[in-house]
Amino acid sequence: MGDPVKAEDALWSIQWAAESAEYSRHTTNIDFENTKVIDDLTLELAIFEYNVFFLNDLSRIQVTAKTQPS
């Protein structure tokens with residue numbers, strides 16, 4: 001088992017992907033201004049428009065911990 005990953009880590013990973021040349025195309029439908037972390041286990045993703053491929057795009061992004069344990 002690895003370290004727990006929280007909603008904040010998921011958001012950080014998606015924001016990182018948005019700035020990446022390789023993964024940014026998978027995040028173009030995400031409205032980051034209106035996306036928010038609700039609690040440790042809940043991330044509310046706001047999107048610009050409905051898209052049947054959105055979950056497929058999201059699955060291309062690897063979620064990792066924002067900070068590594070020391």
Side-chain angles (χ1 to χ4, degrees):
M1 281 198 176
D3 295 320
V5 176
K6 298 180 179 179
E8 184 179 314
D9 298 316
L11 179 56
W12 178 85
S13 297
I14 295 168
Q15 288 171 326
W16 175 89
E19 297 175 14
S20 163
E22 184 176 351
Y23 296 102
S24 63
R25 66 190 170 107
H26 300 298
T27 65
T28 57
N29 196 32
I30 299 173
D31 179 358
F32 285 102
E33 223 173 270
N34 293 303
T35 292
K36 55 187 160 194
V37 173
I38 304 297
D39 58 37
D40 284 349
L41 301 176
T42 310
L43 173 62
E44 185 177 289
L45 282 173
I47 59 175
F48 292 114
E49 58 186 36
Y50 292 110
N51 180 336
V52 296
F53 299 110
F54 177 68
L55 292 179
N56 183 54
D57 285 338
L58 202 57
S59 73
R60 307 294 183 199
I61 301 168
Q62 180 178 353
V63 175
T64 59
K66 181 178 177 180
T67 56
Q68 299 300 318
S70 39

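Numbers here simply count residues along the sequence, with the first being 1.
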Can you list, pair by pair, the side-chain donor-acceptor contacts under 3.5 Å of residues 17-27, counting residues two or more places apart and other chains?
{"unit_1": "Ser20", "atom_1": "OG", "unit_2": "Glu22", "atom_2": "N", "d": "3.2"}
{"unit_1": "Ser20", "atom_1": "OG", "unit_2": "Tyr23", "atom_2": "N", "d": "3.4"}
{"unit_1": "Ser24", "atom_1": "OG", "unit_2": "Ser20", "atom_2": "O", "d": "3.1"}
{"unit_1": "His26", "atom_1": "ND1", "unit_2": "Asp57", "atom_2": "OD1", "d": "3.4"}
{"unit_1": "Thr27", "atom_1": "OG1", "unit_2": "Ser24", "atom_2": "O", "d": "2.9"}

Distance check, rounded to the nearest 0.5 Å: Thr64 atom OG1 versus Trp12 atom CH2?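 Here the interatomic distance stands at 4.5 Å.
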My understanding is that only residues two or more places apart in sequence, or in another chain, count here; which of them pass side chain to side chain donor-acceptor pair (under 3.5 Å) with Asn29? none
Apply side chain to side chain donor-acceptor pair (under 3.5 Å) to Asp40 and list each qualifying residue two or more places apart in sequence or on a separate chain.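 Applying side chain to side chain donor-acceptor pair (under 3.5 Å) to Asp40 gives none.
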Could you pull out every donor-acceptor pair under 3.5 Å between side chains of residues 44-56 and any protein atom, sequence neighbours left out?
{"unit_1": "Asn51", "atom_1": "OD1", "unit_2": "Phe53", "atom_2": "N", "d": "2.7"}
{"unit_1": "Asn56", "atom_1": "OD1", "unit_2": "Arg60", "atom_2": "NH2", "d": "3.2"}

Treating Ile, Leu, Val, Met, Phe, Trp and Tyr as nodes and any side-chain heavy-atom pair under 4.5 angstrom as an edge, say whether Phe32 and Trp16 lie in one connected cluster.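 Result: no, two separate clusters.
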I need the minimum non-hydrogen distance between [X] and [Y], along with the two atoms involved.
X     : Y     : answer
Asp31 : Asn34 : OD2-ND2, 2.6 Å
Leu41 : Asp39 : N-OD1, 2.9 Å
Ala10 : Val63 : CA-CG1, 3.6 Å

What do you reckon, is CD of Gln15 surrounded by more than 12 foreign heavy atoms closer than 6.0 Å? yes
Ile38: which other cluster members, linking ILVMFWY side chains closer than 4.5 Å, directly or transitively? none
The side-chain contact (heavy atoms from CB on, under 4.5 Å) partners of Asp9 (sequence neighbours excluded) come to Val5, Lys6, Ala65, Lys66
